Number of protein chains: 2
Amino acid sequence: MLDYLTMSEDLGELAGSYRNILRQAVYLLRSMDAEGELSTGHVSTLNMLAAGPLRVSAIARFAGIRVPSATEQVIKLEAAGLVERKPDSTDARAVLVELTGDGRKALDVANTRRTAEVAAALATLSTEERLAVRNAIPAIDKLNAALRT
Amino acid sequence: MLDYLTMSEDLGELAGSYRNILRQAVYLLRSMDAEGELSTGHVSTLNMLAAGPLRVSAIARFAGIRVPSATEQVIKLEAAGLVERKPDSTDARAVLVELTGDGRKALDVANTRRTAEVAAALATLSTEERLAVRNAIPAIDKLNAALRT
DNA sequence: AGCCTAATGTTAGACTACCTAACTATGAGC
DNA sequence: GCTCATAGTTAGGTAGTCTAACATTAGGCT
């Protein structure tokens with residue numbers, strides 16, 4: 001009863017549905033941007049740095065962008081006082097990007113608001129629907145990782 | 001056993017996971033763009049038109065963008081010969097945007113390749129994981145609709 | 001030691017896709 | 001037939017990405 005999903009036709013249908021969801025995500029993220037707060041891209045970058053300093057190349061890799069684009073983001077965040085660049089003592093070519101206190105504060109504000117917005121939307125779902133979403137998260141993570149390659 | 005999900009703490013955790021997925025989607029879509037093929041944005045627009053002609057304002061609404069941005073996209077698609085603008089016989093202010101034969105062909109090519117790419121990623125999941133994704137699709141659609149407001 | 005290739009970032013220049021504001025033309029109500 | 005609302009375009013600006021070219025440092029090989 002379960003293996004009908006292995007038929008290519010149903011895989012295609014599911015793939016189409018998933019493509020729809022991916023497409024929507026772009027707009028949803030944009031709609032979550034608020035005036036005078038961090039943009040989606042900046043939130044992503046700062047969230048990576050929350051666990052500790054990263055090289056510019058690591059930021060680029062995790063964000064799925066090229067190194068020059070990451071450099072530019074870092075320059076903007078630095079100008080806003082949200083991150084600092086420090087030399088890497090183990091490699092004089094590298095630069096370590098680190099959150100400042102202000103950066104951590106701004107990130108907290110943005111994360112809190114954005115997560116609350118998603119939580120409010122989740123609250124409109126039934127318990128079963130929320131459970132379905134929750135149960136799918138690991139599979140979606142795996143699926144996204146497979147798509148990334 | 002199910003209602004622990006209604007606790008706000010778990011809602012927040014789920015919301016965070018979902019935010020992660022949304023964020024990844026942007027990169028995934030970009031990674032699906034291929035040389036010499038339609039861009040993600042153009043595919044989205046053309047897909048709307050596949051069901052029939054639409055006004056510029058309708059395109060903007062469905063895509064979650066402003067009317068001038070939709071106009072710009074239509075101009076580009078028209079220059080590429082993928083859509084045609086026609087007068088709306090019921091309203092001389094309006095413009096109906098319609099797929100051309102070339103547009104439909106280009107859309108088919110792009111849709112086929114992109115869907116195959118997602119299907120290939122889905123094929124790397126286990127049957128249970130695919131089922132989990134499939135079961136979550138309606139809830140995710142509802143969730144995204146709630147976020148849109 | 002000295003060289004050569006690889007890796008890390010930055011700079012320069014260009015492109016796409018979005019935005020707001022201002023405009024034209026048409027529709028619809030009084 | 002005036003007035004206000006609606007549909008779309010144009011103009012100008014911004015954010016975020018890209019490639020190409022460059023400087024600097026690391027690391028291996030002779």
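So you know, we letter chains A, B, ... as the sequences are listed, proteins then strands, and number each from 1. Predicted, not measured: the structure shown is a model, and the values here were computed from it.
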Exercise. Of all of residues 77-88 of chain B, which get a heavy atom below 4.0 angstrom from DNA chain C, listed by number?
Worked result: none
Exercise. Of all of residues 29-52 of chain A, which get a heavy atom below 4.0 angstrom from DNA chain C, listed by number?
Worked result: Arg30(A)
For this session: Report whether Leu96(B) and Leu46(B) are members of the same hydrophobic cluster (ILVMFWY, side-chain heavy atoms less than 4.5 Å apart, transitive linking).
Result: no
Exercise. Which part of the nucleic acid, if any, lies within contact of Glu72(A), taking any heavy atom under 4.0 Å across all strands shown: a base, the sugar-phosphate backbone alone, or nothing?
Worked result: base
Exercise. So what does Val95(A) hit on the nucleic acid, given a heavy-atom distance under 4.0 Å: a base, only sugar-phosphate, or nothing?
Worked result: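 It contacts sugar-phosphate atoms only.
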Exercise. Can you give the first and last nucleotides of DNA chain C, 5' to 3', that have an atom under 4.0 Å from a heavy atom of chain B?
Worked result: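 That gives a stretch of dT16(C) to dG27(C).
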Exercise. Looking only at N and O atoms, is any donor in the side chain of Arg93(B) or the base of dT6(D) less than 3.5 Å from an acceptor on the other one?
Worked result: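 Result: at least one qualifying N/O pair found.
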Exercise. Under a 4.5 Å cut-off applied to non-hydrogen side-chain atoms, are Asp88(B) and Val95(B) in contact?
Worked result: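 A side-chain contact under 4.5 Å is absent here.
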Exercise. Any side-chain N or O of Thr71(B) less than 4.0 Å from the OP1 or OP2 oxygen of dG8(D)?
Worked result: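 The answer is no; no side-chain N or O of Thr71(B) sits under 4.0 Å from OP1 or OP2.
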Problem set entry | Asp108(B) bridged to Arg113(B) by N-O distance under 4.0 Å |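 Looking at Arg113(B) together with Asp108(B), the answer is no, because their closest N to O distance does not fall below 4.0 Å.
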Exercise. Does a side-chain N-to-carboxylate-O contact under 4.0 Å join Asp10(A) and Arg130(B)?
Worked result: no
Seminar exercise, completed: Result for 5'-nearest mapping on DNA chain D, choosing between Ala92(A) and Ala70(A), is Ala70(A)
